[in-house]
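Each ligand, and each atom within it, is numbered from 1 in the order the structure gives. Here, residue 1 is the first one in the sequence, and each next residue gets the next number.
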Amino acid sequence: MSDALLTLNAGSSSLKFRLFGLQDGLPVLGGGKITGIGGNPALRLAGETDDRPLSRDMDMPDAVAFMLEWLEGHAGCHISAAAHRIVHGGPNLDQCVQLDPSTLDVLKTLIPLAPLHQPHNLAAVDALAESHPGLAQFGCFDTAFHAHRERVATAFALPAHIRDKGVRRYGFHGLSYAWIARRLAIDHPELHGGRVVVAHLGNGASLCAMANGRSVDTTMGLTALDGLPMGTRCGALDPGAVLYMQRELGLSLDDVERLLYQDSGLKGLSGISNDVRDLLESSSPDAIFALDYFARKTAQQIAAMAVSLGGLDGLVFTGGIGENATPVRERILAALAWLPPFRTLVIPADEERAMALDVAPQLSGRSLRLDPDQSSCV
Ligand code: ADP
């Protein structure tokens with residue numbers, strides 16, 4: 001049986017998985033997504049358009065067990081290692097690493113910095129360790145791509161005694177940006193060597209100012225709340241508003257956390273939906289306002305990223321909105337029409353392959369041709 005690497009991307013109610021053959025080019029052997037974890041679970045296999053409802057209730061360990069059972073019955077390969085997308089790697093983890101108990105302890109301390117993602121990412125690691133104790137598991141961090149920016153990009157204008165406690169900008173979506181950097185190096189080397197802003201616009205959204213394939217600046221901060229308005233997250237906000245909501249409006253800490261992470265952004269602005277497809281279909285003035293607001297703030301922050309680069313040679317759109325929502329891209333570009341000319345590209349996101357490309361060389365005895373030319377999804 002051939003050897004394979006399993007990638008996992010565990011969210012609050014979903015588990016995305018993909019199997020890569022440990023052969024030249026890392027071919028995709030299969031994959032899919034379990035949705036509705038904790039609610040009405042369903043399996044959607046890669047390449048299929050319909051969900052297959054699953055009859056039993058599932059938490060994350062159940063979902064991991066189901067996925068393994070399914071893969072063992074259908075994939076016809078041997079899983080040699082697993083790679084997990086982990087949103088926060090903290091200040092020291094700047095590349096994919098094999099997870100051991102002490103690394104996992106560090107990652108658990110970062111849960112308050114990514115409450116929407118980190119606990120679910122780690123629950124998948126624990127579940128896999130329990131069911132397959134000998135399997136090598138790797139962590140790939142969304143913060144890692146941004147780890148080597150200058151201090152002017154990572155610091156908040158706060159006193160040293162607070163900055164010294166790790167209150168700083170980390171930045172996220174790094175696996176998506178790492179994939180885009182690889183694609184640019186292969187398909188557009190002239191842009192790879194230039195000044196590029198990458199707009200990862202999905203449910204979560206951020207920008208990365210990239211020069212020579214490295215992150216120079218990014219819009220997210222200590223947590224994944226800062227920067228662009230998102231599906232349900234507020235993006236950049238006057239910190240005084242947080243104080244005011246607690247002191248004068250009587251909202252508790254938990255109320256504010258829920259408000260900022262789950263009820264704001266496009267959902268909060270429109271009062272209709274966090275999904276751009278719904279907003280584009282709606283003729284409600286609130287839906288139009290939410291999309292106009294999203295485009296305006298995104299364009300403003302693209303200009304800010306161009307300042308960090310000293311100019312702009314290319315703008316890359318990726319993520320569900322960036323790849324598919326042409327009217328949103330057009331609104332953003334219209335707001336940037338005053339800039340000197342720059343190239344615009346749309347490149348599909350592929351965080352899974354970014355992980356596989358980082359982990360495969362770390363598996364002992366592997367000497368593979370790793371250029372990411374294979375089709376980016378099944
Ligand atoms: P995640 O951040 O969860 O990985 P995605 O990158 O898949 O999210 O982006 C999901 C979002 O992309 C959806 O909520 C929706 O707003 C938007 N989207 C997806 N497909 C389309 C489409 N065909 N047209 C417009 N927007 C889309």
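Identified under the ring-ring contact (aromatic ring centres under 6.0 Å, His included) test for residues 92-135, with sequence neighbours left out: none.
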Donor-acceptor pairs under 3.5 angstrom involving side-chain atoms of residues 317-335: please list them, not counting sequence neighbours.
| residue | atom | partner | partner atom | Å |
| --- | --- | --- | --- | --- |
| T318 | OG1 | E323 | OE2 | 3.4 |
| T318 | OG1 | I347 | O | 2.7 |
| T318 | OG1 | A349 | N | 3.0 |
| E323 | OE2 | G319 | N | 3.0 |
| E323 | OE2 | A349 | N | 2.8 |
| N324 | ND2 | G320 | O | 2.8 |
| T326 | OG1 | R329 | NH2 | 3.4 |
| R329 | NH1 | G322 | O | 2.9 |
| R329 | NH1 | E323 | O | 3.2 |
| R331 | NH1 | D292 | OD1 | 2.9 |

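H148 and D94 are linked by a side-chain donor-acceptor pair at a separation below 3.5 angstrom, with hydrogens and angles left out of the test.
A cation-pi arrangement is absent between R247 and Y244, since the terminal nitrogen or guanidinium carbon is not both under 6.0 Å from the aromatic centre and inside a 45° cone about the axis.
Residues satisfying the ring-ring contact (aromatic ring centres under 6.0 Å, His included) criterion with F172, sequence neighbours excluded, are H88.
Sorted by chain and number, the residues within 4.0 Å of ligand 1 by heavy atom are K16, G202, N203, G204, D275, V276, R277, G319, G320, I321, N324, A325.
With a 4.5 Å cut-off on side-chain heavy atoms, T218 and L207 do not count as touching.
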